[in-house]
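A short worksheet on the structure shown next.
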Amino acid sequence: MSRTADLAATDDVEFGVRLLAATPTHEGRDRDLLRHWATVATEFGARLTPAPSRARVVERDGGLEHGLLARYTSRPATVELYTDTLARTEALVDERGWRHWYPTGSVRAAALAHEAVHELLHHGPAKAELKRALGHVALRAGRRRLYGHVAGAEEIAAHAYARTACGLGRSPLLLTAALATADAHPTIAPHGREK
């Protein structure tokens with residue numbers, strides 16, 4: 001099986017598991033737990049209804065060199081959309097024969113939808129709701145529980161939301177993996193967010 005076919009045969013939740021497994025805070029975590037978190041984050045993102053974004057959109061080049069397709073920053077609320085990475089991703093969709101999953105123009109729409117979720121999780125109660133859904137208890141005192149952050153879960157939720165909101169056949173996580181393995185750009189990670 002070719003590398004392209006192998007990527008296309010990998011399901012969206014498995015890409016989420018791989019994203020979590022590659023996150024340094026999850027080294028040594030049980031793969032079943034990572035699969036559970038990836039599934040919960042995917043389902044959470046698919047059900048989200050973000051409010052309209054307040055962020056202004058700024059288009060620029062330079063994403064390929066920094067490994068970014070889009071990035072949300074909160075001060076001021078801005079989505080930076082990298083046109084060079086958008087063009088490379090659209091070309092990659094054609095090269096791989098994935099246009100039936102990602103119609104022309106959908107990569108841009110998915111990037112904006114993805115960043116709208118980062119904005120929502122940054123400013124609203126949805127972040128706490130995601131933590132509760134994931135069920136990662138960081139501290140327990142009697143009947144009270146403090147739910148901990150699961151690094152990477154917000155990213156999975158944002159990708160799942162983008163797939164649902166844009167009516168894509170596959171999650172943009174497939175594009176992330178394809179860009180990361182593309183010969184010309186081996187280190188691309190198409191979405192960035194504020195640290």
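Nothing fancy with the numbering, it's 1 onward along the sequence.
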Within a strict 4.5 Å, meaning less than it, do heavy atoms of the [X] and [Y] side chains meet?
X      : Y      : result
Leu174 : Leu7   : yes
Arg56  : Val58  : yes
Leu34  : Asp30  : no
Val107 : Pro172 : no
Arg60  : Thr83  : no
Thr78  : Tyr72  : no
Tyr102 : Leu175 : yes
Arg18  : Thr10  : yes

Verify same cluster id: Tyr147, Leu121 (apolar side-chain graph, 4.5 Å):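 Different clusters: Tyr147 never reaches Leu121 through Ile, Leu, Val, Met, Phe, Trp or Tyr contacts under 4.5 Å.
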Which pairs with one or both residues in residues 126-142 pass side chain to side chain donor-acceptor pair (under 3.5 Å), sequence neighbours excluded?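 Every pair satisfying side chain to side chain donor-acceptor pair (under 3.5 Å) with a residue in residues 126-142: there are none.
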Under the criterion side chain to side chain contact (heavy atoms under 4.5 Å, CB included), I'd like the reasoning laid out for Leu146 against Val137: C-alpha separation, chi angles, the key distance, then a yes or no. CA-CA 6 Å; Leu146 176 65; Val137 177; over 6 Å; no
Any side-chain to backbone donor/acceptor pair from [X] onto [Y]? Under 3.5 Å, distance only.
X      : Y      : answer
Asp12  : Ser171 : yes
Arg163 : Gly45  : no
Thr23  : Thr25  : no
His159 : His114 : no

Heavy atoms only: give me the nearest [X]-[Y] pair and the separation to one decimal.
X      : Y      : result
Ala21  : Arg31  : CB-NH1, 4.5 Å
Ala160 : Ala46  : CB-N, 3.8 Å
Ala126 : Leu48  : CB-CD2, 4.5 Å
Arg96  : Ala178 : NH1-CB, 3.7 Å

Taking atom types as modelled, is there a side-chain donor on [X] or [Y] under 3.5 Å from an acceptor on the other?
X      : Y      : value
His118 : His122 : no
Glu119 : Ser53  : yes
Tyr82  : Arg71  : yes

Start with the C-alpha gap between Glu154 and His149, add the side-chain angles, then the distance that decides, and say whether side chain to side chain contact (heavy atoms under 4.5 Å, CB included) holds. CA-CA 9 Å; Glu154 291 178 12; His149 175 72; 3.8 Å; yes
Taking atom CZ as the centre, does Arg144 end up with more than 12 heavy-atom neighbours from other residues, nucleotides or ligands that are less than 6.0 angstrom away?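 No - once you tally the heavy atoms of other residues, nucleotides and ligands closer than 6.0 Å, there are 12 at most.
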Show the numbers, then the answer: is there a side chain to side chain contact (heavy atoms under 4.5 Å, CB included) between Leu173 and Leu19? CA-CA 9 Å; Leu173 279 169; Leu19 184 151; 3.8 Å; yes
When you check the gap from the basic side-chain N to the acidic O, do Arg99 and Glu90 get nearer than 4.0 Å?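 Result for this pair is yes, salt bridge flagged.
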Can you tell me how far the [atom1] atom of [X] sits from the [atom2] atom of [Y], to the nearest 0.5 Å?
X      : Y      : atom1 : atom2 : answer
Asp84  : His66  : CG    : NE2   : 9.5 Å
Phe44  : Leu130 : CZ    : CG    : 5.0 Å
Tyr161 : Cys166 : OH    : SG    : 7.5 Å
Leu81  : Leu86  : CG    : CG    : 4.5 Å
Leu179 : Leu69  : CG    : CG    : 8.0 Å
Thr85  : Glu65  : OG1   : CD    : 9.5 Å

After noting the C-alpha distance and the side-chain angles of Ile156 and Leu20, does the key distance pass the side chain to side chain contact (heavy atoms under 4.5 Å, CB included) rule? CA-CA 9 Å; Ile156 295 167; Leu20 293 174; 3.7 Å; yes
Identified side-chain contact (heavy atoms from CB on, under 4.5 Å) counterpart of His36 within the set Val40, Asp32, Thr39: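 In the set Val40, Asp32, Thr39, the residue that makes a side-chain contact (heavy atoms from CB on, under 4.5 Å) with His36 is Val40.
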